[in-house]
Amino acid sequence: MTAGHFGTEGESRSGYFVGAMLGDGGMTSCTPEFHGDPLDGAVQFMRVFAAEHGCGVREIQQGSIVRLRFPFRAGHRNPVTNCLRRFGVWGQRCEEKRLPDLNLSREFWIGCLSGLIDTDGCIRERVNPRGTAHGSVEFATVSPGLAMQVSDTLLRLGVANRVRVNQRKSSDGPSVNGYIVRSRRPIHIVEISRATAVVRLAGLLDLRIGYKALKLKRLASTVGHVAPAKSEMHGYDESVALDRVKDVSVSTVRRVFGLTVNPSGLFVVNGLVMGDTRGGLVAS
């Protein structure tokens, strides 16, 4: 019900920084750090952003990637850490990562999504057996909460998507630095595959990693001719997808709470649109 309505706090550069740090950043040690290709635009953005906030940048080469650390003078608060604290993301572990729970601006959220796609996203281009070109934009994370928040943020911006889960095997896996990987968390994937949604997303994001930006531009150009679906299952708004209820079961008698909301009288419970009690419907 908040689609199209945003706050005023935060700007796109802070949003990109927060999104990229949620993707490939380290935020649980004393000094913030970021990992990436030293030649791509995301790492260059981090160098400039840290310098703008008065932080040093220490680069440690680790194979084909570089580990950036953002130290600050001893005895003073690290301004980069303060930025992450301001948006409530400092100290989050990988499986607990979440977006800021603040009324932030549209520009901030677009920047944040751009940072997330640049780090933990991918653009796929495919050709089906009939020779038709299509593709998708995907964001992957082990945090189920972050995946659902990214999905909701995309919907607020009019980008239809779906969330799927890749249940990986939890048996003994490969050895990493001498330690056996005994469990692997499920990967939660936010997928944008409908042509109109891909085109809309391409017009919103400001990707700084060159090859991803080029692939997204090429994919949007490839599928840009596809008209919005108008079937019963897709509704009559190109940014909205409908699901069909498969089963309804009788529950036990429980205490319920009635809600009234303005102006539409609708609200969302567990992903379902509900009507308020003025219309005779009650949600538990």
Side-chain angles (χ1 to χ4, degrees), residues 1-25 41-42 45-46 48-49 52-53 80 82-90 92 97-121 123 136-141 143 145-163 190-209 212-213 216-217 219-220 224 228 235-241 261-264 266-268 271 273:
M1 294 304 99
T2 58
H5 298 276
F6 299 91
T8 58
E9 184 181 358
E11 36 81 33
S12 60
R13 287 180 63 80
S14 294
Y16 186 92
F17 174 71
V18 169
M21 288 296 288
L22 284 170
D24 286 342
F45 173 88
M46 288 297 183
V48 174
F49 189 89
E52 290 173 350
H53 286 72
V80 169
N82 284 344
C83 180
L84 296 169
R85 284 197 179 100
R86 172 191 171 195
F87 294 108
V89 298
W90 174 252
Q92 294 181 357
K97 288 181 178 180
R98 296 184 65 85
L99 294 176
D101 187 18
L102 299 169
N103 189 25
L104 298 166
S105 69
R106 185 175 185 272
E107 290 72 23
F108 178 93
W109 289 121
I110 292 174
C112 188
L113 290 172
S114 300
L116 288 168
I117 298 297
D118 258 345
T119 51
D120 283 345
I123 294 94
S136 64
V137 180
E138 299 176 6
F139 167 74
T141 176
S143 170
L146 179 59
M148 295 308 298
Q149 286 181 312
V150 169
S151 175
D152 288 343
T153 303
L154 287 167
L155 287 174
R156 291 182 64 191
L157 292 165
V159 178
N161 63 87
R162 70 186 182 106
V163 181
V190 183
E191 180 181 0
I192 303 99
S193 57
R194 190 177 306 170
T196 51
V198 169
V199 172
R200 184 173 180 84
L201 183 66
L204 292 172
L205 297 185
D206 180 17
L207 301 182
R208 288 175 166 81
I209 294 183
K212 286 188 179 182
L216 181 56
K217 182 179 180 181
L219 176 59
Y236 297 94
D237 184 332
E238 64 186 58
S239 65
V240 176
V261 292
N262 290 315
S264 64
L266 299 174
F267 57 98
V268 178
V273 179

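All residue numbers refer to positions in the sequence shown, counting from 1. Note that the coordinates shown come from a computational prediction; the quantities given were computed from them, not determined experimentally.
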Ignoring hydrogens, what is the shortest heavy-atom contact between [X] and [Y]? Give both atom names and the distance.
X: Leu204; Y: Val159; result: CD1-CG2, 4.0 Å
X: Trp109; Y: Arg156; result: NE1-NH1, 3.9 Å
X: Val18; Y: Cys112; result: CG1-SG, 4.5 Å
X: Asp206; Y: Ser114; result: N-OG, 2.9 Å
X: Val150; Y: Phe139; result: CG2-CE2, 3.8 Å
X: Met148; Y: Val163; result: SD-CG2, 4.1 Å

*Please step through side-chain contact (heavy atoms from CB on, under 4.5 Å) for the pair Val89 and Met21, ending with a clear verdict.*
CA-CA 9 Å; Val89 298; Met21 288 296 288; over 6 Å; no
Find the distance between [atom1] ([X]) and [atom2] ([Y]) and round it off to the nearest 0.5 Å.
X: Glu11; Y: Ile110; atom1: CD; atom2: CD1; value: 13.0 Å
X: Arg194; Y: Arg200; atom1: CZ; atom2: CZ; value: 13.0 Å
X: Leu146; Y: Leu116; atom1: CG; atom2: CG; value: 6.0 Å
X: Ile192; Y: Ile117; atom1: CD1; atom2: CD1; value: 5.5 Å
X: Ser14; Y: His53; atom1: OG; atom2: NE2; value: 6.0 Å
X: Leu207; Y: Leu113; atom1: CG; atom2: CG; value: 10.5 Å

Using atom types as modelled and distance alone, determine if a side-chain donor or acceptor of [X] lies under 3.5 Å from a backbone N or O of [Y].
X: Thr153; Y: Gln149; answer: yes
X: Asp118; Y: Arg208; answer: yes
X: Lys212; Y: Gly121; answer: yes
X: Ser105; Y: Gly10; answer: yes
X: Lys97; Y: Ser143; answer: no
X: Gln92; Y: Arg98; answer: yes

*Centres of the Phe49 and Tyr16 rings: under 6.0 Å?*
no
*Under a 4.5 Å cut-off applied to non-hydrogen side-chain atoms, are Leu157 and Phe6 in contact?*
yes
*Would you mind reporting whether Phe45 and Arg13 have side-chain heavy atoms less than 4.5 Å apart?*
yes
